[in-house]
Amino acid sequence: RQRAFPPNWGARAAFLALAVYAAYAFAQLDITAGRLAVGMGEAGRFLGRMWPPNFTRWELLLEGLLESLQIAVIASALGILLALPLGLMAARNLAPWPLAMVTRGFIAFCRSLHYVIVAILFVKAIGFGALAGVAALTIASMGFIAKLFAEAIEEISMKQVEAIRATGAGLGAVLVYGVLPQVASRFVGFSLYQLDSNLRNSTLVGIVGAGGIGGTLFAAFKRFDYDFVAA
């Protein structure tokens, strides 16, 4: 008789291969129970030195927080402004095929570079400070928002666009009345998500010298000032 649920030997073989490779990777990376046990003990001592948090230098904390907030807001605003034209040029249902392909290649290049690596490059190029952080997060925001914006535009209904074009309207009117109303809510959501992401990332770029509270955090780690690290 034919079985109602025959075994999927291909999937079983894939899971078995994954398990074998995971065991091999554990051995190659020297992940052992002994090392984990030692690490747990060290983590307990480390956390003990972090308590209670030390807020006596609250001015440094406030200054770093404000700078990180400024970096995130400025980078988000610049990235969104630059992403708008890029998203329009990358949409294959609006832009000519050669222009869309070149723009998509540029967006992919921006997205392929990790923002911490870009921050290191800008720190080397323009020096330590918030400007390097703003530049790095602007490139990251530009690539992320432009890609999502282009995909949102490609999903719109072209009937509204064609109706606006039939009236003899120019490109600007087509974009304002035929395209943007269909993607405005999604674009606002993308922008808010990117702002939230940049608020987090502004700490990481600060660790490599690109301004913000990340620099204060990294300096506290280097001084073994763990109660201030907790604060």
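Fair warning: this is a prediction, and the values are worked out from it, not measured in the lab.
Minimum interatomic distance between G127 and A132 (heavy atoms only, all atoms of both residues): O-CB, 3.9 Å. Looking at every heavy atom in both residues, V183 comes nearest to F149 through CG2-CE1, 3.6 Å. D227 approaches P52 most closely through the heavy-atom pair CB-O, 3.5 Å. Residues I153 and G87 come closest through the heavy atom pair CD1-O, 4.0 Å. Residue A100 comes nearest to A90 through the heavy atom pair CB-O, 3.9 Å, listed as atom of the first residue, atom of the second, then distance.
Atom-to-atom distance recorded for T103:OG1 and K147:NZ is 13.5 Å, nearest 0.5 angstrom. To the nearest 0.5 Å, atom CZ of residue F144 and atom CD1 of residue I80 are 11.0 Å apart. Considering OG of S141 and CG of L82, their distance stands at 9.5 Å, rounded to 0.5 Å. Interatomic distance, L148 CG to S191 OG, rounded to the nearest 0.5 Å: 10.0 Å. Taken from CD in E155 to CG in N93, the straight-line distance is 10.0 Å, to the nearest 0.5 Å. Remark: F128 CZ to K124 NZ distance equals 6.5 Å, nearest 0.5 Å.
Residues I145 and F187 are in side-chain contact: their nearest non-hydrogen atoms beyond the backbone lie under 4.5 Å apart. In this structure the side chain of L84 never reaches within 4.5 angstrom of the side chain of L88, judged on heavy atoms. Annotation: side chain of F190 is not in contact with side chain of Q194 (no heavy-atom distance under 4.5 Å). Looking at heavy atoms from C-beta onward, L86 lies in side-chain contact with M142 at the 4.5 angstrom threshold. L61 is not listed as a side-chain neighbour of R57, based on a closest heavy-atom distance of 4.5 Å or more. In this structure, the side chains of F15 and R12 stay at 4.5 Å or more apart for every pair of heavy atoms. Annotation: side chain of F228 is in contact with side chain of L60 (closest heavy-atom distance under 4.5 Å). The side-chain heavy atoms of I139 and L113, taken from C-beta on, include no pair separated by under 4.5 Å.
Listed by chain and residue number, nothing satisfies the side chain to side chain donor-acceptor pair (under 3.5 Å) test with R223 (two or more places apart in sequence, or in another chain).
Side-chain atoms of N198 and S202 include no donor-acceptor pair closer than 3.5 Å.
Taking hydrophobic clusters as Ile, Leu, Val, Met, Phe, Trp and Tyr residues chained together by side-chain heavy-atom distances below 4.5 Å, I126 does not share a cluster with L137. Grouping the Ile, Leu, Val, Met, Phe, Trp and Tyr side chains by contacts below 4.5 angstrom, directly or via other members, places L29 apart from Y21. Hydrophobic cluster membership differs between V73 and I213, with clusters built from Ile, Leu, Val, Met, Phe, Trp and Tyr side chains linked at under 4.5 angstrom. Using a 4.5 Å cut-off between side-chain heavy atoms of Ile, Leu, Val, Met, Phe, Trp and Tyr, with links allowed through other members, L65 and V205 fall into different hydrophobic clusters. Under the 4.5 Å side-chain contact rule for hydrophobic residues, L121 and L131 do not share a cluster.
The 12-atom threshold is exceeded at CZ of F55, counting heavy atoms of other residues, nucleotides or ligands nearer than 6.0 Å. E63 CD: 12 or fewer foreign heavy atoms inside a 6.0 Å radius.
In this structure, R49 contributes its side chain and Y226 its backbone to no donor-acceptor pair below 3.5 Å. No donor-acceptor pair under 3.5 Å is formed between the side chain of N54 and the backbone N or O of A231. In terms of modelled atom types and a separation under 3.5 Å, the side chain of S68 and the main chain of T203 share no donor-acceptor contact. At distances below 3.5 Å, at least one donor-acceptor pair connects side-chain atoms of E154 with backbone N or O atoms of R92.
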